[in-house]
Protein chains: 2
Amino acid sequence: MKETKPSGGEHDDHGANGSSVKPSLITDVASLANVSTATVSRVINTPDVVAPETAERVRHAMSKLKYRPNMFAKGLITRTSRVLGIIMPDFLGEFYTQLSQSADTAARERGYHVVITSDTRLGSADAVQSLPLSFLDGIIAILTFPDRKLTKSVLDLNMPTVLIDSDTGDLGVDRIRIDNEPGAKQAATHLLEHADASDCFYVGGPATNFDSQARAQAFQDVISERGGFDKATQIRYGDFSVDWGNEWGLKHLKDRTNCITGVFAGNDEIALGIMNAARTLGIDVPSQLRLIGFDGTRLCDIVRPTMSSVAVPFDHIGSSAVELCIARIADPERSVSTIPAETHLVIRDSSVPSDQAS
Amino acid sequence: MKETKPSGGEHDDHGANGSSVKPSLITDVASLANVSTATVSRVINTPDVVAPETAERVRHAMSKLKYRPNMFAKGLITRTSRVLGIIMPDFLGEFYTQLSQSADTAARERGYHVVITSDTRLGSADAVQSLPLSFLDGIIAILTFPDRKLTKSVLDLNMPTVLIDSDTGDLGVDRIRIDNEPGAKQAATHLLEHADASDCFYVGGPATNFDSQARAQAFQDVISERGGFDKATQIRYGDFSVDWGNEWGLKHLKDRTNCITGVFAGNDEIALGIMNAARTLGIDVPSQLRLIGFDGTRLCDIVRPTMSSVAVPFDHIGSSAVELCIARIADPERSVSTIPAETHLVIRDSSVPSDQAS
DNA sequence: TTGAAAGCGCTAACAA
DNA sequence: TTGTTAGCGCTTTCAA
């Protein structure tokens with residue numbers, strides 16, 4: 001309490017809009033506490049190496065000046081930010097939402113922050129220049145489409161990266177591999193319990209989507225075993241939307257009132273659309289139509305009848321991705337690994353014969 | 001093509017895991033292109049000021065070396081990142097999802113990036129130290145609870161900030177003010193068209209939540225005008241969840257089979273819960289129960305019957321927040337403004353008398 | 001236990 | 001149109 005008055009004020013800010021008062025620097029804190037900047041830096045980064053009373057004096061100065069280290073300067077030296085970026089196609093959909101939440105929790109436990117951003121810009125030509133992604137210590141990218149350019153953009157970032165759910169072959173990158181097969185096979189098998197093989201359908205997302213295809217394949221493997229399978233009609237692709245499900249349902253369900261139809265949808269939203277179409281057509285779920293979705297999002301428990309769906313282990317995926325990413329950051333030389341994320345069928349009301357059929 | 005070989009390689013990376021090869025620097029590019037670092041910097045930031053052929057040469061060197069400016073160093077000087085942060089309570093829920101999407105779009109158009117992060121850590125003691133938020137050029141915070149500590153934490157960041165939907169008085173900060181009143185009054189009025197005032201209920205979120213309260217107040221204003229209003233039973237608080245709606249419905253709807261009940265829910269999820277409870281109890285929506293939600297999320301069109309709801313203009317809110325934030329960044333001295341976001345009722349099937357009442 | 005000083009990679013005057 | 005040079009705010013040897 002004897003040096004020059006530093007720049008940061010101690011009285012309340014007038015405006016409270018940021019950036020009106022300029023932030024105090026480490027030098028301000030140093031002079032207020034009568035120490036060198038090195039010491040201030042030490043109480044922040046390696047507290048145990050500085051004398052308790054000195055540390056206390058410094059801490060007092062820091063809070064008095066509302067000192068906040070400049071992360072640009074800090075990062076320039078340490079080359080880390082302790083923030084992980086999650087790149088996803090868009091912010092919409094339960095899928096991404098639940099994944100973000102679990103990744104955030106996992107990151108937090110390990111002293112990292114997570115920020116979410118959409119990848120739309122990644123595909124553009126000047127992506128490399130425009131992306132302020134170099135702030136990040138690592139990247140977790142959810143690449144659902146086999147978009148080579150996008151994948152390459154991400155890989156070109158040349159930083160610790162974890163890919164989720166992409167169809168990319170072995171690019172020598174850590175990956176969380178969502179295994180569609182077990183859940184999809186369980187779903188198909190479940191459908192077959194009450195419906196003929198020829199009455200079962202797969203209504204998927206985009207034909208180019210890897211998951212969409214994998215689920216279709218598993219479905220086909222199970223169904224075709226029973227014979228009477230016609231790929232052209234029993235497997236259809238559209239997009240991952242309620243509208244597509246509704247459209248398919250309206251068109252293909254109306255003349256199926258005197259048999260039990262089994263439908264396995266590419267995701268929950270499509271399934272919901274089909275459920276709505278059935279209602280419109282007066283077809284009862286589950287007595288006339290057995291329906292199973294995919295992803296196991298919150299939607300399944302919200303709608304009535306509740307919807308059977310193949311659950312994707314979001315928590316496991318989110319936390320594994322974070323762990324893998326942090327492990328890679330810690331040791332860039334460690335061998336590449338792929339962590340499988342198994343799916344499994346969760347049966348709810350939309351696929352089991354109701355006791356009181358109407 | 002005559003200088004020292006720079007560090008970055010031109011052959012493919014072996015591993016493809018980031019950080020194995022060290023990134024090339026501006027000096028590498030400069031020497032490869034036979035220019036000074038200043039010139040390289042110019043082709044990146046002010047291209048028109050450098051000779052076309054020189055620029056071309058530099059650009060070639062950049063792509064050959066996969067040069068990527070170090071944002072830490074750049075930010076240290078320019079003090080900007082062109083990244084805006086959106087802070088929200090959590091990643092869950094349609095509300096935040098749709099808001100993020102519109103903010104992202106708006107930011108993109110203006111050359112900014114948006115990252116989403118949850119605010120859980122903001123409230124903690126060491127928040128100031130642990131938050132790597134100083135990277136951001138601005139912050140958009142969604143503060144739904146009157147949490148003074150959280151609000152203060154955000155404001156203490158002392159950077160361009162826009163608050164959305166908080167109940168904070170005038171803190172001299174830019175704000176997007178969601179106006180619950182018009183929509184809520186329309187909802188209450190709509191309910192009154194077919195239900196007695198004493199048969200109308202508001203089932204809100206947390207009692208401490210500002211929006212929850214504002215909606216309740218508007219509801220009360222309209223309903224109590226008709227007389228026979230008992231606040232204690234007709235206004236109930238819980239949380240913004242499907243479960244709470246279901247719980248309320250199961251408890252309070254069962255002995256209301258011989259009158260038309262009108263329910264205005266605090267958000268769409270609560271409304272959905274109530275809708276499910278009604279179904280469980282065999283109460284028909286909308287003939288016996290007129291139901292209106294709040295937020296106007298995608299859920300409203302997904303469920304059957306489709307749900308009437310007070311729409312919140314997400315697009316407007318997201319883009320306005322981004323605009324306001326960018327304006328503040330551009331001119332820290334500009335006067336503080338509050339942009340209202342009006343809500344309005346969107347009538348769907350859950351609140352209108354069905355033609356064929358059962 | 002602390003301080004002095006040398007940068008981290010980049011941009012921005014100021015010259016040329 | 002281009003180059004030289006001085007930092008941005010912080011961390012980190014190296015000495016003391």
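The model shown is predicted, which means the values in this text are computed figures rather than measured ones. All heavy atoms count here, side chains included; hydrogens, waters and symmetry mates do not.
With a cutoff of under 4.0 Å to any heavy atom of chain A, the contacted region of DNA chain C is bounded 5' to 3' by dT1(C) to dG9(C).
Leu84(B) is not listed as a side-chain neighbour of Leu136(B), based on a closest heavy-atom distance of 4.5 Å or more.
Contacts of Ser320(A) classified as side-chain contact (heavy atoms from CB on, under 4.5 Å), with partners at least two apart in sequence or in another chain: Ile176(A), His316(A), Ile339(A). Partners of Asp315(A) by side-chain hydrogen bond (donor to acceptor under 3.5 Å, both in side chains), not counting sequence neighbours: none found. Among residues two or more places apart in sequence or in another chain, the side-chain hydrogen bond (donor to acceptor under 3.5 Å, both in side chains) test is passed with Thr54(B) by none. In this structure, the side-chain contact (heavy atoms from CB on, under 4.5 Å) partners of Ser337(B), at least two apart in sequence or on a different chain, are Asp174(B), Leu324(B), Arg334(B). When the side-chain hydrogen bond (donor to acceptor under 3.5 Å, both in side chains) test is applied to Ser102(A), no partner is found at least two apart in sequence or on another chain. In terms of the side-chain contact (heavy atoms from CB on, under 4.5 Å) criterion, residue partners of Arg59(B) (sequence neighbours excluded) are, by chain and number, Val43(B), Ala55(B), Glu56(B), Met62(B). In this structure, the side-chain contact (heavy atoms from CB on, under 4.5 Å) partners of Thr105(B), at least two apart in sequence or on a different chain, are Glu109(B). Annotation: side-chain hydrogen bond (donor to acceptor under 3.5 Å, both in side chains) contacts of Ser100(B) (sequence neighbours excluded): none.
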Reading nucleotides 6-16 of chain D from the 5' end, what letters show protein touch, with B for base, S for backbone sugar-phosphate only, - for no heavy atom under 4.0 Å? -BBBBBBB---
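Remark: the backbone N or O of Thr46(A) is not paired with any side-chain donor or acceptor of Arg42(A) at under 3.5 angstrom.
Axis angle between the ends of the helix from dT1(C)-dA16(D) to dA16(C)-dT1(D), five pairs each and rounded to 10 degrees, works out to 30°.
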